[in-house]
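Report on the structure given below.
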4 protein chains.
Amino acid sequence: MSQAKITKGRSKSPGAETVGESSNQEVSRSPTERPRLRDAERTSKAILSAATKEFAEQGYGGARVDAIAERAKINKRMLYHYFGGKDALYVAVLEGSYVAIRSAEARLDLTHRSPTEGMRELVVFTWKYFLDHPEFLGILSTENMHKARFLKRSARIFELHSPLVAEISGLLDRGAAAGDFRPGCDPVKIYMSIAALGSFFLTNRWTLSTIFRRNLSEKSEIDSWGEHIVEVIFAYLRP
Amino acid sequence: MSQAKITKGRSKSPGAETVGESSNQEVSRSPTERPRLRDAERTSKAILSAATKEFAEQGYGGARVDAIAERAKINKRMLYHYFGGKDALYVAVLEGSYVAIRSAEARLDLTHRSPTEGMRELVVFTWKYFLDHPEFLGILSTENMHKARFLKRSARIFELHSPLVAEISGLLDRGAAAGDFRPGCDPVKIYMSIAALGSFFLTNRWTLSTIFRRNLSEKSEIDSWGEHIVEVIFAYLRP
Amino acid sequence: MSQAKITKGRSKSPGAETVGESSNQEVSRSPTERPRLRDAERTSKAILSAATKEFAEQGYGGARVDAIAERAKINKRMLYHYFGGKDALYVAVLEGSYVAIRSAEARLDLTHRSPTEGMRELVVFTWKYFLDHPEFLGILSTENMHKARFLKRSARIFELHSPLVAEISGLLDRGAAAGDFRPGCDPVKIYMSIAALGSFFLTNRWTLSTIFRRNLSEKSEIDSWGEHIVEVIFAYLRP
Amino acid sequence: MSQAKITKGRSKSPGAETVGESSNQEVSRSPTERPRLRDAERTSKAILSAATKEFAEQGYGGARVDAIAERAKINKRMLYHYFGGKDALYVAVLEGSYVAIRSAEARLDLTHRSPTEGMRELVVFTWKYFLDHPEFLGILSTENMHKARFLKRSARIFELHSPLVAEISGLLDRGAAAGDFRPGCDPVKIYMSIAALGSFFLTNRWTLSTIFRRNLSEKSEIDSWGEHIVEVIFAYLRP
DNA sequence: CATGAATGAGTATTCATTCAT
DNA sequence: TATGAATGAATACTCATTCAT
């Protein structure tokens with residue numbers, strides 16, 4: 001159920017919507033529908049969206065059910081009505097977050113580009129997605145602090161990621177064949193490197209800004225790091 | 001119990017001290033002092049050590065004062081006596097963690113090595129330190145989730161990091177002059193890249209293992225990633 | 001679902017109707033009426049029946065309005081529509097329960113039997129009724145825990161019981177005159193003794209089974225206790 | 001405050017202590033000890049005593065932890081400190097209740113009396129105990145409403161009751177041998193009959209008073225019923 | 001008549017912190 | 001210095017009841 005909401009109606013900009021808010025907005029935009037007062041779907045989405053932010057910002061333990069209810073502008077009781085409890089809500093948020101990024105990624109269509117262009121597209125997309133969805137990184141951080149105890153329960157999470165690995169694999173093979181990339185690269189390692197460079201900068205910029213006395217939240221620093229990631233990855237792939 | 005872990009096997013590896021304890025232990029090693037710490041000091045250290053683990057594992061919000069007291073085998077009241085409260089204890093843990101890694105780093109003495117060897121040493125040290133001190137990464141993760149709100153209060157944290165930047169700068173300059181590295185590299189970006197690749201793998205391995213169905217906690221995977229970091233950094237530095 | 005249980009196995013035993021439903025069912029048996037109750041009536045009965053079970057099993061405080069609605073397979077709103085609220089529903093259940101047992105009792109027609117036979121019939125009927133209607137005892141238990149605060153409000157409850165006392169009185173008088181019973185027995189005390197022996201065994205068999213390590217829910221134990229009640233009562237009445 | 005009620009009017013009856021309060025009282029009586037402010041034992045007993053009343057009056061589901069804390073004049077947190085939670089506290093109350101009645105009973109020393117006197121003593125004791133300890137009956141009622149789900153967990157509960165059965169058995173045997181009682185009586189059935197007549201009157205007097213319009217809480221009615229129990233039991237035992 | 005979303009006042013439990021000894 | 005009892009303010013979750021459709 002939560003899935004539907006996340007993946008539907010996204011046209012060009014791949015990583016633009018905040019998790020759990022996109023379709024909701026479409027509904028409210030639709031001119032024929034009046035904003036219903038008793039709208040189960042809307043309420044449920046508002047909860048998921050608010051929960052995503054709260055969990056991302058506060059972590060699982062730090063997140064407050066009351067705060068989620070307040071952010072979602074709903075009665076706390078509804079949260080239990082729709083999701084059953086804090087745990088189940090968190091799992092919904094977690095799965096929804098992965099579905100959202102993988103869905104956006106899937107729309108990149110890397111197969112029809114040159115290996116170099118495809119790889120650049122993937123790197124840039126990932127960086128932009130991380131940048132536009134701070135909640136996603138927050139959720140990952142939280143989940144890893146708990147050693148993925150909730151994610152492990154999810155059966156379909158591996159299947160969700162197979163296409164990504166396949167696609168990167170394809171890029172690397174084609175790139176190696178064309179002499180653009182050096183052969184023998186592990187697609188998972190490549191993806192992890194891209195993610196590492198992007199994720200670390202964004203999640204750790206607060207302490208990094210402090211210890212290096214350098215405001216890494218400035219646009220120039222952010223843009224510069226985005227280019228840096230591309231350079232690092234391509235330096236590594238260079239034959 | 002927690003003590004055992006703290007004092008175990010420290011011979012060569014430079015970053016071996018438990019977070020927040022290194023400088024104190026030197027004092028206790030001094031031959032003029034009796035080997036056993038005074039109770040006050042011992043208690044205080046036990047609290048700090050236990051707190052470091054608890055905060056790292058549970059985050060600030062998830063950490064329990066009772067749990068820290070129990071881990072430290074001390075009465076909860078002592079914690080307030082020595083540190084004032086949860087907040088102050090957390091700050092002590094945070095500062096101690098940075099002091100510990102920087103102290104260990106300082107012992108590397110990169111200036112007397114060739115740029116290539118020095119850089120390799122720095123990369124390997126950082127990776128090993130992260131590997132041996134999971135609490136450090138946990139603390140950073142927690143602190144960044146709170147946008148470094150506690151770290152910002154610390155006055156001396158920037159000074160603590162100046163030598164590191166200077167040392168890397170020196171390496172890069174010498175490397176560029178010798179034709180080993182390409183010129184114009186930003187030392188902070190270099191350090192952040194090293195840290196990003198190491199930190200991301202270790203902190204995110206739980207979700208990564210799940211989504212890629214690949215046990216990244218295995219020794220072979222860990223060793224392989226360590227080599228990967230070196231390769232990536234040197235590929236980037238290659239002229 | 002709840003209906004199935006209600007209608008099962010009722011052939012001879014006169015007190016067969018589910019508590020609170022007896023008089024209504026007679027209406028439905030009437031040949032001039034269609035056999036299927038109108039929805040309103042059916043809904044209302046389903047609620048009453050479900051509520052009887054819920055209150056009996058959980059007590060007033062433990063009973064859940066949601067649980068009653070679910071047992072009755074009706075929308076929770078209907079419960080408020082037909083009965084006004086939890087309190088009023090409980091009162092309806094309580095009164096219905098008394099009406100049911102007294103109605104069944106009235107059908108015994110003790111006046112046309114010999115005193116001994118009549119008394120035996122009353123004892124056996126009471127025991128069987130308690131056995132077949134655990135809800136009745138549960139309701140009584142609940143109501144007494146609240147010191148009959150709801151029952152006191154009922155105006156007609158005393159009138160409902162006058163015939164019972166009169167009937168037992170008649171039996172005792174005729175029995176004393178015939179030399180079967182000793183004279184001067186209090187009909188209320190007699191009834192209370194019968195009820196005490198039956199009720200206590202059934203309601204308290206759970207703890208009694210545990211403390212005496214003897215399964216009092218077994219048929220043999222139950223039958224044996226039924227005979228015991230008869231023996232005790234007749235021993236007491238013996239001139 | 002709660003103490004006054006408990007200890008009132010008890011001169012000879014051996015089962016005078018309310019669960020968990022006897023030793024406490026001794027402590028407070030001791031002239032050398034001042035009433036300590038931080039008295040773990042006292043607090044723990046106050047909680048147990050308050051909980052016994054609350055559970056007895058309200059049932060498990062109806063009992064409120066806040067109400068128990070208020071009755072005990074302690075901070076609610078202490079309840080969790082000493083007992084762990086509502087469940088565990090209830091179990092403590094339950095076991096304590098049984099221990100209290102059996103301990104009092106054990107002091108009767110029925111073995112050194114004639115069978116008739118011993119039996120009368122047992123009946124009178126039981127009736128008096130029930131009368132003086134309405135909480136005990138309330139707890140039993142509650143526990144049976146839950147089909148003894150908590151009591152079943154108690155390992156020592158059966159052992160606690162063996163001496164009682166043995167003692168009654170002895171009385172019956174000696175009585176039968178002396179020609180006072182008819183032979184072949186089941187001691188458990190005898191005890192259950194005594195308990196049934198006493199318990200039913202006291203727990204059900206609220207509804208009974210209402211339906212028969214007769215105030216069974218009056219002293220005369222209570223005394224009269226006490227004699228009635230003796231008569232019934234002896235009528236049954238009569239050879 | 002019927003549905004189920006919505007609500008506010010509770011209800012058990014936990015937590016950081018302080019107090020008395 | 002050390003101990004553990006005590007506290008009040010949260011915190012997750014539940015319940016009877018009402019509202020909009």
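Below, all heavy atoms of this structure are taken into account, side chains as well, without hydrogens, waters or symmetry copies. Letters A, B, ... are given to chains in the order of the sequence lines, protein chains preceding strands, and every chain is numbered from 1. Keep in mind that what you see is a predicted model, and the values were worked out from it rather than measured.
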Counting side-chain heavy atoms from C-beta on, which of F:dG8, E:dA2, E:dA6 comes nearest to A:T43?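 Shortest atom-to-atom distance from the side chain points to E:dA6.
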Apply the test side chain to side chain contact (heavy atoms under 4.5 Å, CB included) to residues D:Q58 and C:M145: give CA-CA distance (whole Å), side-chain angles for both, the deciding distance (0.1 Å), then the verdict. CA-CA 7 Å; D:Q58 310 291 337; C:M145 188 156 278; over 6 Å; no
Could you walk me through whether C:L94 and C:F55 satisfy the side chain to side chain contact (heavy atoms under 4.5 Å, CB included) test, starting with their C-alpha distance in whole Å, then the side-chain angles of each, then the deciding distance to 0.1 Å, before giving a yes or no? CA-CA 10 Å; C:L94 189 59; C:F55 283 124; over 6 Å; no
When the nearest nucleotide of DNA chain F is assigned to A:Y80 and to C:D66 on a heavy-atom basis, which residue is associated with the more 5' position?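 Final value for this comparison: A:Y80.
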Want to settle it: does D:M78 or A:R77 sit nearer the 5' end of DNA chain F, counting the closest nucleotide to each?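 The residue closer to the strand's 5' end, by nearest nucleotide, is D:M78.
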Please list residues of residues 83-90 of chain D whose heavy atoms come under 4.0 Å from any atom in DNA chain F, ordered by number; otherwise none.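 The stretch gives none, as no residue of it lies under 4.0 Å from the strand.
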Under 4.0 Å from any atom of DNA chain F, heavy atoms only: list the residues of residues 55-65 of chain A that qualify, in numerical order.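 Only A:A63, A:R64, A:V65 qualify.
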Could you give the [atom1]-to-[atom2] distance, from [X] to [N], as a whole number of Å?
| X | N | atom1 | atom2 | answer |
| --- | --- | --- | --- | --- |
| B:N75 | E:dT18 | CG | P | 14 Å |
| B:K73 | F:dT3 | NZ | C1' | 17 Å |
| B:L79 | F:dT1 | CG | P | 15 Å |
| A:E70 | E:dG8 | CD | P | 13 Å |
| A:I74 | E:dT7 | CD1 | P | 8 Å |

State which residues pass side-chain contact (heavy atoms from CB on, under 4.5 Å) with [X]; sequence neighbours excluded, sorted by chain then number.
| X | answer |
| --- | --- |
| D:V65 | D:K76, D:L79, D:Y80, D:K86 |
| D:A67 | D:E54, D:R64 |
| D:A56 | D:E135, D:I139 |

Do the side chains of B:V93 and B:S97 get nearer than 4.5 Å, heavy atoms only?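 A side-chain contact under 4.5 Å exists here.
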Taking the side chain as everything from C-beta on, heavy atoms only, tell me whether C:K45 gets closer than 4.5 Å to C:S49.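 When only atoms from C-beta onward are counted, C:S49 and C:K45 do not touch, as no gap falls below 4.5 Å.
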Bracket notation of DNA chain F in which parentheses pair within the strand, [ ] cross earlier pairs, and | pairs with another strand (Watson-Crick or G-U, under 3.5 Å): .||||||||||||||||||||
Is B:E95 salt-bridged to B:R153, going by a charged N under 4.0 Å from an acidic O?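 The answer is no: the pair does not qualify as a salt bridge.
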Could you check whether the side chain of B:K76 and the base of F:dT3 have a donor-acceptor pair of N or O atoms closer than 3.5 Å, going by distance alone?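 There is none.
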Kindly check if the number of other-residue, nucleotide or ligand heavy atoms within 6.0 Å of CD (C:E70) is above 12?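 Atom CD in C:E70 is not crowded, with 12 or fewer foreign heavy atoms closer than 6.0 Å.
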Between A:A46 and A:A72, what is the shortest heavy-atom contact and its length?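 Closest approach of A:A46 to A:A72: O-CB, 3.5 Å.
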D:Y60 and D:E143: side chain donor to acceptor below 3.5 Å: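 Result is no, nothing qualifies.
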With a 4.0 Å limit, can you tell me whether A:Y82 has a side-chain N or O closer than that to the phosphate oxygens OP1/OP2 of E:dA6?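 Yes.
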Closer than 4.0 Å, any side-chain N/O of C:H81 to the OP1 or OP2 of E:dC1?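 Yes.
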